[in-house]
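So the structure is just underneath, and the comments pick up after that.
In this text, all values refer to a predicted model and were calculated from it rather than measured experimentally. Chain naming here is simple, since letters A, B, ... match the order of the sequence lines and numbering starts at 1 in each.
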Amino acid sequence: MIELRNVSKSYSKGRVKAVDDLTLTVRPGEIFGFLGPNGAGKTTTIKMIVGLLKPDRGAVRVEGFDVQREPLRSKAVTTFVPDTPAIYERLTGLEYLNFIGDVYGVPKNDRLARIEKGLEMFELGPAVGSPIQSYSHGMKQKIVLLAALLPFPKVMVLDEPMVGLDARSAHHMKTLMREHCGRGGTLFFSTHIMEVAEKVCDRIAIIHKGRLIAEGTMAELRGRNGTEESLESIFLELTEA
Amino acid sequence: MSRLSSLVRTALRVNFGLSLFRPKEFLRRKRDLWMLPLFALGAASLGPVLYFYLKVIGAFYRWLAPSGQQAVLLTAAVLLGQVFILIFGFYYIISAFYFSRDLEVLVPLPLTPIQVMLSKFVVILANEYLTVALLVLPVFISYGVLERAGVLYWITAGLVYLLLPVLPLAIVGLLVVGLMRVANFGRKKDALIIVGSLVLMTAALGGQVWLSRSAGSSASPEEVARFLASSDGLIRSLGAKFPPSIWASTAMARGFSKAGLWNALLFAGFSAGLFLGLLVAAEKMFYHGLVGLGERAARRKRLDREALAGRLSSGRRPVRAVFIRELRVMNRTPIFLLNGVLSVILIPIIFVLMAKTGSGQSDTSRLIAVLGAANPATAALGAALFMAICACLNGTSSSTFSREGGQFWMSKVIPVAPRDQAKGKFLHSFAVALLGIAAASVVVIIIARPAVPVFAAALAIAVVGSFVLTVFGMLIDLARPLLEWTNPQKAIKQNLNVLLAVLGDLAFMALMFFVVRLMKKAGLSGNALVAAVFVLLAAAAAGSYRLLLVFADRRYPQIEL
């Protein structure tokens with residue numbers, strides 16, 4: 001579960017409000033899509049959830065742990081995939097997975113089974129022993145996703161996870177996201193791909209200029225206008241100004 | 001032209017972080033103000049060095065002036081500055097021309113190879129002006145003041161200073177561009193950096209041996225007389241191996257005379273010629289060596305279940321996991337490797353060469369051994385100081401956080417307490433320092449041949465002293481980590497934290513020197529003195545380590561990405 005209560009974050013002496021009094025809850029077993037135009041505050045929100053940024057006001061709780069006050073407990077149940085896969089390029093894929101397994105305390109047998117499955121699914125088997133610097137952008141994205149899945153976290157936070165993935169990997173990713181939530185996990189992800197959000201998400205929130213402007217299931221979002229509009233149309237309408 | 005100037009301006013802004021420079025913001029955000037005294041301390045610690053340097057220059061001037069040979073000071077300064085740039089420029093040129101990450105952005109732009117290369121060249125030039133300023137400017141200024149030189153001298157000196165790095169950088173640039181075109185290492189760019197650096201180190205060591213031999217060769221009385229008869233005899237002797245230094249110094253010393261103007265013309269013309277040569281080479285060869293360099297080849301081999309299981313770790317402790325990550329990342333990144341592990345090995349080798357290649361080396365060795373035997377406590381402290389210098393005067397600990405760069409987000413999100421991450425990083429930095437101590441120990445044994453108890457005492461003090469200095473370097477880097485870089489060189493070679501740490505280390509060593517003197521005055525000597533120093537350093541080590549852990553817990557959450 002992820003809870004944000006009246007969270008605000010601003011830059012440039014408070015002149016630019018990146019996130020403004022944001023309150024939302026993501027329940028266990030839920031895939032939560034977080035949408036918004038460029039610069040709306042999506043990545044800032046995500047960074048506050050995973051502890052990369054400190055909110056100016058408000059509180060973020062993950063599985064009941066305050067991210068600022070109990071950082072180790074909240075981090076132990078969360079994994080994160082950033083929008084650009086900036087990872088240790090001098091390590092091999094396997095060394096990187098081992099590092100993540102070590103710091104999250106994943107037992108060796110679980111590690112083997114999960115890595116085997118992930119390598120098969122993302123077709124990374126032949127590359128896992130090579131340095132990450134030899135990977136393509138998509139392969140880097142896949143190894144970061146695989147690492148984020150490795151600890152079987154309770155909460156996954158993904159910033160634009162589909163960027164760089166080929167169609168097959170994107171399909172597998174969606175399956176894995178569903179599996180994660182099937183185990184009772186929580187998944188929070190941002191995306192610009194409306195079709196993905198529409199098909200995959202249990203609930204969706206739209207943020208614009210730092211403020212939450214819509215939140216609910218697809219049916220609830222459509223119900224606002226009483227039409228059968230696509231998510232894209234709803235998004236464009238809401239973020240027009 | 002406007003495209004080129006825009007490119008150069010952008011490159012300079014990126015290099016010096018001018019876009020991020022906000023003095024008002026810095027003053028407003030009071031939390032960073034504590035850095036000001038640190039900078040002041042760093043700058044102040046240069047004071048004594050500069051003072052000593054000026055005294056030496058003055059002494060040499062007074063010694064040379066009666067025979068009219070004082071202009072040799074200018075030759076020496078130009079020669080020193082240019083050789084310095086020649087050696088270290090190789091490193092800068094190769095990484096800026098071929099391995100900066102911004103090349104991926106620049107090459108597809110509608111810019112000519114010359115424009116891209118020039119923007120890189122200007123940035124290196126600007127850095128070199130700053131690098132050699134301390135070496136060269138005190139000589140130029142002292143000479144001008146002592147000679148009561150006229151305006152023309154100051155103008156010529158300014159021009160020589162502006163041209164000084166152009167020539168060696170153009171030479172190195174031509175070599176590097178040619179090497180990249182002909183050898184075409186292509187995808188093995190790491191190998192290229194290592195090979196290039198080894199060439200550089202060999203050149204540095206070769207130069208050292210050559211200089212030592214030159215200094216050691218005895219001149220006959222006739223030669224000395226001939227030197228003294230000619231007012232520029234010494235200049236010609238010193239600059240014989242690198243004539244541009246003679247041209248530059250003659251241009252400055254002779255001013256508005258035929259010889260002065262001719263030499264000025266020679267110096268400027270030769271620099272301009274080589275620079276033009278570099279431009280031509282850049283147009284023809286720069287992109288050929290560059291294209292495809294960013295690609296990495298790797299042998300892909302699927303691991304079967306057994307092999308995969310064999311290579312999985314069985315749950316290391318987080319501290320150990322961080323330590324191993326540090327070790328791998330450092331040792332597999334050539335620039336980090338060269339500035340860490342290789343430099344702690346190289347420094348002692350240089351010392352051995354210095355001691356062994358000059359004239360009368362056996363006398364020096366014997367003298368050290370005799371002095372050591374006469375005063376074992378001083379010998380132990382001196383050897384410990386040498387070991388600590390070899391172990392810690394490198395950028396390993398003072399760039400440990402900066403080296404993570406954009407990957408620091410991982411350190412922020414993993415469930416490992418900052419203090420445990422700091423422990424892992426400390427273990428790595430201290431391991432490199434221990435390697436330096438081991439290398440220095442071999443030198444101490446070869447040169448000074450100390451008695452076993454003296455050596456053991458030196459080793460113990462060096463270990464605790466290096467412990468303190470390692471923590472000190474980490475504290476500085478943690479206080480202001482440089483995480484936004486595109487070229488790994490910026491994280492370690494152009495990282496101000498490394499310089500601050502070196503200055504701090506020197507200040508700490510000076511402090512310890514005065515503490516030892518106080519102890520001696522208080523009546524401590526022999527074993528008691530050595531033991532007291534050890535206890536003092538051990539206490540400092542324990543205290544500083546605790547401080548590091550507390551600071552890590554406090555600082556990590558403050559670093560926002």
For the CZ atom of B:Arg311 and the CG atom of A:Asn98, what is their distance to the nearest 0.5 Å? 9.5 Å

Nearest 0.5 Å, what's the CG-CG distance between A:Leu72 and B:Asp420? 8.0 Å

Could you report the tightest heavy-atom contact between [X] and [Y], atom names first, then the distance?
X        : Y        : value
A:Phe99  : B:Ile414 : CZ-CD1, 4.1 Å
B:Pro415 : A:Val103 : CG-O, 3.6 Å
B:Gly406 : A:Ala86  : O-CB, 4.1 Å

Kindly check if the number of other-residue, nucleotide or ligand heavy atoms within 6.0 Å of [atom1] ([X]) is above 12?
X        : atom1 : value
A:Lys108 : NZ    : yes
A:Asp66  : CG    : yes
A:Arg183 : CZ    : yes
A:His171 : NE2   : no
A:Lys154 : NZ    : no
A:Glu120 : CD    : no

Report yes if the side chains of [X] and [Y] come closer than 4.5 Å at any heavy-atom pair, otherwise no.
X        : Y        : result
B:Thr333 : A:Tyr88  : no
B:Leu308 : A:Glu116 : yes
A:Arg90  : B:Arg328 : no
A:Val157 : B:Val413 : no
B:Leu561 : A:Leu53  : no

Chi angles and distances behind the side chain to side chain contact (heavy atoms under 4.5 Å, CB included) call for A:Asp102, B:Arg317: CA-CA 7 Å; A:Asp102 288 338; B:Arg317 290 168 63 89; over 6 Å; no

Would you say B:Glu560's side chain and A:Lys54's backbone share a donor-acceptor pair under 3.5 angstrom? yes

Ignoring hydrogens and geometry, is there a side-chain-to-backbone donor-acceptor pair from A:Lys75 to B:Lys412 under 3.5 Å? yes

Checking heavy atoms, do the side chain of A:Leu119, its backbone, both or neither come under 4.5 Å from chain B? side chain

When the 4.5 angstrom heavy-atom criterion is applied to B:Ile324 and chain A, the contacting part is neither

Begin with the C-alpha distance, continue with both residues' side-chain angles, and end with the deciding distance and a verdict on side chain to side chain contact (heavy atoms under 4.5 Å, CB included) for A:Ile87 and B:Met410. CA-CA 8 Å; A:Ile87 47 174; B:Met410 278 181 278; 3.7 Å; yes

Contact winner vs chain B - A:Gly101, A:Pro71, A:Pro82, A:Gly51, heavy-atom pairs under 4.5 Å: A:Pro82

Please determine, among A:Lys9, A:Gln68, A:Arg73, A:Glu89, the option with the most heavy-atom pairs under 4.5 Å with chain B. A:Lys9

Max heavy-atom pair count under 4.5 Å with chain A, selected residue of B:Ala309, B:Pro318, B:Ala307: B:Ala309

